[in-house]
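Notes for the one structure printed next.
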Amino acid sequence: TSKLEEKIIDDIKNGYTPLAIISTFGTTGTVAFDDINKIFSMQTIAVVGMSPKPERPSHYVSMYMKENGYEIIPVNPGHHYIGKMRSYPNLESIKKKIEIVNIFRRSKYVSDIVESAILIEAKAIWMQDSICDHEAAKAAKEAGLLVVMDHGLFRQHKTISRYHSH
């Protein structure tokens, strides 16, 4: 077991149930703690489907991650700027190296997004709550990307940051 897993086990023994455990063992399978830690050690996140509306999860999750030291790059063809950040029409138009592709689009769009993520040599795909595409996840994994599907990035980050700082 990893040090993180040991800390979580200690918390459980003391009556605390971390959200990482609840959300990591979801309906779409498990996510390795080590994979989540690797993803959170990356710095550059392209947010596909980021909304300019502050009340939308794609917006407030992205702003939370920005406040926690991550570089956020919005991807939304309908906007030139979101939250004072330049927005891009697609992943291929971003010149900077993208590490994490955070997907806030419906499942039917995931396959094309993952194909683009593979093309730009991203390192990880994160599909938010209720976003699933098993074939796209398999293709991403076969291309060497880390994949998280049907899990909240915000929830996972808040839980894991309790155990060690970013």
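No experiment lies behind these values; they were computed from the predicted model shown.
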Taking every heavy atom of V114 against every heavy atom of A136, the minimum-distance pair comes out as CG1-O, 3.5 Å
When every non-hydrogen atom of A117 is compared with those of L145, the smallest separation belongs to CB-CD2, 4.3 Å
Any heavy-atom pair between the side chains of M127 and V147 that's under 4.5 Å?
yes
Between A46 and V75, the two heavy atoms sitting closest are CB-CG2, 4.1 Å
Can you tell if the side chain of E92 reaches within under 4.5 Å of the side chain of L119, non-hydrogen atoms only?
yes
In short, C132 meets D150 closest at the heavy-atom pair SG-CB, 3.6 Å
**Request:** Could you tell me whether the side chain of L153 reaches within less than 4.5 Å of the side chain of Q156, counting heavy atoms only?
**Result:** no
Has the side chain of K123 got a donor or acceptor atom that lies under 3.5 Å from a matching backbone atom of G144? no
Check your understanding: Can you check whether M65 reaches I45 side chain to side chain, under 4.5 Å on heavy atoms?
Key -> yes
For this session: Taking the side chain as every heavy atom from C-beta outward, state whether N102 and V48 have any atom pair closer than 4.5 Å.
Result: no
Original post:
Checking S87 side chain against H79 main chain: does a donor-acceptor pair fall under 3.5 Å?
Top reply: yes
d(D133 CG, E135 CD) to nearest 0.5 Å is 7.0 Å
Hey, does the Lys NZ or Arg CZ of R86 hover above the aromatic six-ring of Y88, less than 6.0 Å from the centre and inside 45° of the axis?
yes
Lys/Arg cation over aromatic Y109: R105, 6.0 Å, 45° cone: yes
One should read off an interatomic distance between S130 OG and H151 NE2, to the nearest 0.5 angstrom, of 11.0 Å
Q: Go through the steps for H59 and Y64 under the test ring-ring contact (aromatic ring centres under 6.0 Å, His included), then give the verdict.
A: CA-CA 9 Å; H59 188 92; Y64 164 83; over 10 Å; no
Next on the checklist: Taking NZ in K53 as the centre, count heavy atoms belonging to other residues, nucleotides or ligands within less than 6.0 Å. Is the count above 12?
Outcome noted: no
With side-chain contact (heavy atoms from CB on, under 4.5 Å) as the test, would you mind laying out the steps for Q43 and E99 before giving the verdict? CA-CA 7 Å; Q43 297 299 306; E99 293 175 295; 3.7 Å; yes
Heavy-atom nearest pair, I100 first then I98, reads O-CG2, 3.4 Å
Within a strict 4.5 Å, meaning less than it, do heavy atoms of the I120 and I94 side chains meet?
no
Practice prompt. Determine whether the aromatic ring centres of F104 and W126 lie less than 6.0 Å apart.
Written response: no
Discussion item. Between E71 and K96 (salt bridge meaning N to carboxylate O under 4.0 Å), is one present in this structure?
Written reply: yes
_Just so I know, are the side chains of I73 and T44 near enough to count as touching, which here means a heavy-atom distance under 4.5 Å?_
yes
query = When you measure from the side chain of N76 to the backbone N and O of M50, does any donor-acceptor pair fall under 3.5 Å?
reply = yes
Partner of S58 under side-chain contact (heavy atoms from CB on, under 4.5 Å), picked from P52, S51, P74, is S51
With side chains defined as the heavy atoms from C-beta onward, is the minimum distance between H157 and Y70 less than 4.5 Å?
-> yes
